[in-house]
Enquirer: 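Got a structure for you, written out below as C-alpha cells; questions coming shortly.
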Amino acid sequence: FDVDDFKSVNDQYGHLVGDLVLQAVCQRVRRRVRKDELFARYGGEEFVVVLAETTLADAVRVADDLRKIVAAEPVRIVDGAVPITIRAASAMT
C-alpha cells in the first residue's frame, strides 16, 4: 500500500512531520498484522504486507481493515493534526 499524498505532507509540514506520519502508519498497521506475517517499508511511503495462509477474500478484508485503522485518526502535531489515508497498490493503477 501507499500513503496518500505523502509528498504534500512533506511539502506542507516538513520532513519531521512526514517522519511522524510514517511512524504512525507503522504503529497502526503493526497492531493489526499477525506475528507470522511480514510488514515492511518498500519505498519512501510504500509498504508491503505479506499475509500467511490467507485467501484473497480475507486479504481484501485485511486491506480494508488497515485502510480504516490508518484513517481513523489524524496524526497530532503541535499546531494541529495531519489526516492520513492509504490505498492498496492495485487501486493505484
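Scope of the values below: all heavy atoms of this structure, side chains included, with no hydrogens, waters or symmetry mates.
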Enquirer: Is the number of heavy atoms from other residues, nucleotides or ligands under 6.0 Å of Leu38 CG greater than 12?
Expert: yes
Enquirer: With heavy-atom distances below 4.5 Å as the criterion, would you say the side chains of Leu22 and Arg41 are in contact?
Expert: yes
Enquirer: With rounding to the nearest 0.5 Å, note down the distance linking OG1 in Thr55 to CZ in Arg61.
Expert: 6.5 Å
Enquirer: Hey, is the main chain of Phe39 close enough, under 3.5 Å, to the side chain of Arg30 for a donor-acceptor pair?
Expert: no
Enquirer: Going through the distances and angles, do Arg34 and Val62 end up as a side chain to side chain contact (heavy atoms under 4.5 Å, CB included)?
Expert: CA-CA 11 Å; Arg34 298 178 298 199; Val62 170; over 6 Å; no
Enquirer: Compare every heavy atom of Val21 with every heavy atom of Val3, then report the nearest pair and how far apart it is.
Expert: CG1-CG1, 4.4 Å
Enquirer: Are the side chains of Thr54 and Glu37 in contact, using a 4.5 Å heavy-atom criterion?
Expert: yes
Enquirer: Just verifying a value: how many Å separate Asn10 CG and Asp5 CG, rounded to the nearest 0.5 Å?
Expert: 11.5 Å
Enquirer: Are Arg28 and Ile84 side-chain neighbours, meaning at least one heavy-atom pair lies under 4.5 Å?
Expert: yes
Enquirer: What is the minimum heavy-atom distance between Gly18 and Val9, and which atoms define it?
Expert: CA-CG1, 4.1 Å
Enquirer: Got a second to check how far Leu66's CG is from Arg87's CZ, nearest 0.5 Å?
Expert: 16.0 Å
Enquirer: Sort out for me which residue in Tyr42, Phe1, Phe6 forms a ring pair (Phe, Tyr, Trp, His ring centres under 6.0 Å) with Phe47.
Expert: Phe1
Enquirer: Determine whether Leu51 and Val70 fall in the same hydrophobic cluster, where Ile, Leu, Val, Met, Phe, Trp and Tyr are linked whenever their side-chain heavy atoms lie under 4.5 Å apart.
Expert: yes
Enquirer: Would Asp64 and Arg67 pass as an ion pair if we require N to O under 4.0 Å?
Expert: yes
Enquirer: Are Val82 and Ile69 connected, step by step, through hydrophobic side chains (Ile, Leu, Val, Met, Phe, Trp, Tyr) whose heavy atoms are closer than 4.5 Å?
Expert: no
Enquirer: I'd like to check Asp2 versus Glu45 (side-chain heavy atoms, cut-off strictly below 4.5 Å). Are they in contact?
Expert: yes
